[in-house]
> 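Mind looking over this structure? Questions follow.
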Amino acid sequence: MKLLLKCLFILAFVVLVVLGVQYADEYSKDEDLKRVNDTILQLSLKCYSIEGKYPQDIEDLKKNYGLLVNEDDYHILYHFEGDNLKPTIRVYEKENDYE
């Protein structure tokens with residue numbers, strides 16, 4: 001009986017560790033996406049405060065404001081709506097296709 005309880009305790013511990021690692025990985029990915037999104041937003045606001053207009057595309061932020069993004073990992077949706085309207089910014093993680 002004691003051996004069965006020890007085995008169940010060890011199994012429960014292993015399951016909790018695995019679930020904790022998975023949760024930490026998902027949290028880390030979500031934070032990375034948020035960080036990239038916030039950086040693009042901050043640089044576009046910086047551009048607006050200096051030039052009086054929002055940048056028309058991501059390339060402008062890369063060229064003039066030093067934006068560095070790993071485009072192998074992220075897909076960026078940057079929708080310019082007008083010089084004085086804040087752009088819509090969405091950052092998505094690219095899916096890896098292992099074929």
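Position 1 is the first residue of the sequence; numbering continues from there. Since this is a predicted model, take the numbers as computed values, not measurements.
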> Within this structure, what is the CZ-NZ distance for the pair Phe80 and Lys53, rounded to the nearest 0.5 Å?
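Rounded to the nearest 0.5 Å, the CZ-NZ separation comes to 7.5 Å.
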> As an exercise, state the distance from CD of Gln56 to SG of Cys47, rounded to the nearest 0.5 Å.
9.5 Å
> Between Lys29 and Asp32, does at least one N-O distance fall below 4.0 Å, as a salt bridge requires?
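Judged by the 4.0 Å cut-off on N to carboxylate O distance, Lys29 and Asp32 do not form a salt bridge.
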> Distance check, rounded to the nearest 0.5 Å: Lys63 atom NZ versus Leu61 atom CG?
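Interatomic distance, Lys63 NZ to Leu61 CG, rounded to 0.5 Å: 12.5 Å.
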> How far does NZ of Lys34 sit from OG1 of Thr39, to the nearest 0.5 angstrom?
10.0 Å
> Can you see which heavy atom on Pro87 is nearest to which on Tyr54, and at what distance?
CD-CD2, 3.5 Å
> Can you name the nearest heavy-atom pair linking Ser44 to Tyr78, along with the distance?
CB-OH, 4.1 Å
> Hydrophobic clusters here meaning ILVMFWY residues chained together by side-chain heavy-atom distances under 4.5 Å, can you tell me if Tyr74 and Leu41 are in one?
yes
> Would Asp83 and Tyr48 satisfy side chain to side chain contact (heavy atoms under 4.5 Å, CB included), going step by step from the backbone distance to the final call?
CA-CA 8 Å; Asp83 287 345; Tyr48 182 75; over 6 Å; no
> Crowded around Lys46 NZ? As in, over 12 foreign heavy atoms under 6.0 Å?
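Not more than 12 within 6.0 Å, no.
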> Should the heavy atoms of other residues, nucleotides or ligands under 6.0 Å from CG of Leu4 be counted, would the total exceed 12?
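Enclosed: over 12 neighbouring heavy atoms sit under 6.0 Å from CG of Leu4.
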> Could you check Leu43, Val69, Ile89, Leu67 and say which one makes a side chain to side chain contact (heavy atoms under 4.5 Å, CB included) with Ile58?
Leu67
> Working to the nearest 0.5 angstrom, can you tell me the gap between Glu81 CD and Lys86 NZ?
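Rounded to the nearest 0.5 Å, the CD-NZ separation comes to 10.5 Å.
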> Spell out, yes or no, whether Val14 and Leu5 are grouped together once hydrophobic residues are joined by side-chain heavy atoms under 4.5 Å, including indirect joins.
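Per the 4.5 Å side-chain linkage, Val14 and Leu5 are not co-clustered.
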> Check whether Phe9 and Leu3 end up in the same hydrophobic cluster, where Ile, Leu, Val, Met, Phe, Trp and Tyr are linked by side-chain heavy atoms less than 4.5 Å apart.
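No.
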> Between atom CD of Glu26 and atom CD of Gln22, what is the distance when rounded to the nearest 0.5 Å?
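CD of Gln22 is found 8.5 Å from CD of Glu26.
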